Number of protein chains: 4
Amino acid sequence: MAERRSDTRQRIQQVALELFTEQGYDKTSLREIAERLEVTKAALYYHFKSKEDIVTALIEDMRGDVTEVVEWASDLPRTPEHRAEIVRHIPTVLTRSMPLLRFAQVNETALRDHPHGADLGQLMWQLLMLLSDEDADAEHQLRSVLAMAALMIGMVPLPIITAPAPERMGAAVKVALELVTGQIQSA
Amino acid sequence: MAERRSDTRQRIQQVALELFTEQGYDKTSLREIAERLEVTKAALYYHFKSKEDIVTALIEDMRGDVTEVVEWASDLPRTPEHRAEIVRHIPTVLTRSMPLLRFAQVNETALRDHPHGADLGQLMWQLLMLLSDEDADAEHQLRSVLAMAALMIGMVPLPIITAPAPERMGAAVKVALELVTGQIQSA
Amino acid sequence: MAERRSDTRQRIQQVALELFTEQGYDKTSLREIAERLEVTKAALYYHFKSKEDIVTALIEDMRGDVTEVVEWASDLPRTPEHRAEIVRHIPTVLTRSMPLLRFAQVNETALRDHPHGADLGQLMWQLLMLLSDEDADAEHQLRSVLAMAALMIGMVPLPIITAPAPERMGAAVKVALELVTGQIQSA
Amino acid sequence: MAERRSDTRQRIQQVALELFTEQGYDKTSLREIAERLEVTKAALYYHFKSKEDIVTALIEDMRGDVTEVVEWASDLPRTPEHRAEIVRHIPTVLTRSMPLLRFAQVNETALRDHPHGADLGQLMWQLLMLLSDEDADAEHQLRSVLAMAALMIGMVPLPIITAPAPERMGAAVKVALELVTGQIQSA
DNA sequence: GATGAATGAGAATTCATTCAT
DNA sequence: TATGAATGAATTCTCATTCAT
């Protein structure tokens, strides 16, 4: 009763996500994951049919959060005020998904030929499109890309930005707002 | 006279840079590079003592351009006007280095344990510091990171930004200026 | 009463025989057999103590038929007429065993080191010896081998022989008779 | 000068053919082949791009002999006399190819999904068709299959046939002739 | 300025098998 | 009468690297 159903499967996903992000998907061997979990490689294959499949599961798991925010935002009219609201909302709703987004960014090339890499790309694309339009001009598109980048940097530390998390997040939202509304924000 | 000094060495670097960027450093084998050049793997080892060493050479080759702009900018006083001038200057002086910067970005994890990966990081750091200060606040640091990101996106196409190169570059400079000067730019 | 004794055990044997013959013993994994039956691999181990053991059961099951014909024929005097009678008898009495004989032939190498592979070999040997003698000359031995081969080809389709089953069987018996009696048979 | 070109490649093929025939293709690991040759597994991969590829090379190597006899025989008119001539000719011209034919027969299932397994099948088919016709009746087709089988048994020892090689071959030719000409042969 | 032949280390994957429940 | 979870040993294959020529 105390045993959670398929504890191991969860732990594999978690450790894999950590290692894939830290060292890269290609540089991380299944041996390494297995050792870290103190199981055998074959145990990984009991739970996932391939290395790729671990990634697939990771993506599947987090798709929900993104879809949710996309659906919520899609109904909003495309006004600067609503874009601002979306920007403010994203950090709270996507916190749990951030590790995956970071993983995706760091493993860009490795995901290029992954069968579900495209899916991940699409998720990010949908996020971006919340702040812009497919037929907006280059500047608008660029602004929304940068706004999303700002939010990501706010949520996960970049070695270059030394400030503590809350301050970082505050700055990120502020700059992101400026980018999507085209207005300087007062602190 | 007819033979340029080490033609092959140049071709190796060029092909390697292409493949490393397209497919990732880890996913690109020396066999693949050799095949593309129609030489044997052993020939690569005549010119470079290891796979890592190709990267080292790549970095070495482009370091000059960056150093140059860094030196030029370092003498300028840290005013908004000069930061703007730097932003405007970067695209012209770094065009040749862009492929390498893109390579670095795309192979973040692979370069993490490369002996000269740190060097590349430092180059980018120096570039960033031209627009900011080590002891600036989080917002300032973030702004300069995003400004550099804007310029990079301007120079190399991101699948998401569909506009043609000149328009893309124009938008990039405009947004970058806005980010580093804190002022909305008029077209 | 409604449940036949060990239904599953029978189904495992049947599916295993099919797959072993189609794809070869080595190429057929227990996973595949289990999947085809929609049970787990562990279920196979409930019924058989090893993969080898499935083969053992298969052989055991069919030994009866062969033994029967061998015993019947052993009592007959070694005359051409009786050899002819044996040839004519074999197809009717061995029809049920044919799948196993085909399996044995197709998995010759795999059965070489099977503990009961020898048994199967012996069964075939006994069959052969019904038509020949251990101390017959090379030609006689060859004739009886070919006669048995003819009968087998008659019973199971070879891709090369396109005729429908009854015609095939008729031709097989005719040629087999000719081989063991040394006389051209009239249709 | 004393060094034969690619000695190793030849030795790999030879040892592989031996082991594949003795133990079966699937049961023979590259490790085993490598050990027998006192080289590393990787050396095999220098000479052949996969395990399959060794088989391909084997087939390629022997195709010539078969093609030759097929071409010679194709020009002959389809009379019983010529069929007899073909039967008599085959053992001399196919001696070198026999090991491969034996390999093919013993590894029937393993070759079923080999990309060049079909090729081998076709070679045998062509051989068969020299003694028969695509639209001959079942009996004729069966006779030529058995005649070829007889010749093969004559060339390679079957455990069941104990006679020494020359006698075996003599018997084989005799029986094969009888099968294709439909006439009892006098010794 | 190259090549041909080889290696050692390690990767992903598959398999038959076991055992507690 | 089964299953879920796991293992150990093996397999095919790839890679960066070396070295004599």
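What you see is a predicted model, and the numbers here were worked out from it, not measured in a lab. Residue numbering restarts at 1 for every chain, and letters A, B, ... go by the order of the sequence lines.
- Annotation: of the two residues near DNA chain E, C:Lys49 and B:Val39, the 5′-most nearest-nucleotide partner is B:Val39.
- Between C:Thr40 and F:dG4 there is no side-chain N or O to OP1 or OP2 distance below 4.0 Å.
- Across all strands shown, the partner of F:dA20 is E:dT3, judged by Watson-Crick or G-U wobble contacts whose two distances both fall under 3.5 Å.
- Under the 4.0 Å criterion applied to side-chain N and carboxylate O atoms, C:Glu35 and C:Arg31 are assigned as salt-bridge partners.
- Atom-to-atom, CG of B:Leu44 to P of E:dG1 comes out at 15 Å; the value is rounded to the nearest Å.
- For D:Ser50, no side-chain nitrogen or oxygen approaches OP1 or OP2 of F:dT12 to under 4.0 Å.
- Put simply, NZ on A:Lys51 is 13 Å from C1' on F:dT14, counting in whole angstrom units.
- Atom pair D:Glu52:CD and F:dT11:C1' shows a separation of 15 Å (rounding to whole Å applied).
- Distance C:Lys41 NZ to E:dC15 P: 8 Å, rounded to the nearest Å.
- Going from atom NZ of C:Lys51 over to atom CG of C:Leu30 covers 6.0 Å, rounded to the nearest 0.5 Å.
- The distance between atom CG of C:Leu19 and atom C1' of E:dA16, rounded to the nearest whole Å, is 16 Å.
- Residue B:Lys27 contributes atom NZ, which lies 13 Å from atom P of F:dA16 at whole-angstrom precision.
- Residue A:Arg31 places at least one side-chain N or O under 4.0 Å from the OP1 or OP2 atom of E:dA11.
- Between C:Thr28 and A:Thr28, the residue anchored closer to the 5' end of DNA chain E is A:Thr28, taking for each the nucleotide with the nearest heavy atom.
- The shortest distance between the side-chain N/O atoms of D:His47 and the OP1/OP2 oxygens of E:dG4 is not below 4.0 Å.
- Straight-line distance from the CD1 atom of C:Ile54 to the P atom of E:dC15: 14 Å, rounded to whole Å.
- Of all non-hydrogen atoms in A:Ile33 and A:Ala16, the two that sit nearest each other are CD1-CB, 3.9 Å.
- Note on C:Glu108 versus D:Arg102: salt bridge recorded, some NZ/NE/NH1/NH2 to OD/OE distance being below 4.0 Å.
- Distances from the side chain of C:Ala42 to the nucleotides E:dG8, F:dA6, F:dG4 place F:dG4 closest.
- Taking atom CD of residue D:Glu35 and atom P of nucleotide F:dT12, one finds them 12 Å apart after rounding to whole Å.
- Nearest-nucleotide assignment on DNA chain F puts the 5′-proximal partner with C:Ala43, out of C:Ala43 and A:Glu38.
- Comparing F:dC13, E:dT7, F:dT7 by their nearest atom to the side chain of D:Tyr45 picks out F:dC13.
- OP1 and OP2 of F:dA6 both lie 4.0 Å or more from every side-chain N or O belonging to A:Tyr46.
- Out of F:dT11, E:dA16, E:dA6, the shortest distance to the side chain of D:Ser29 is found at F:dT11.
- The two atoms that bring A:Tyr25 and A:Asn107 nearest to each other are N-OD1, 2.7 Å, heavy atoms only.
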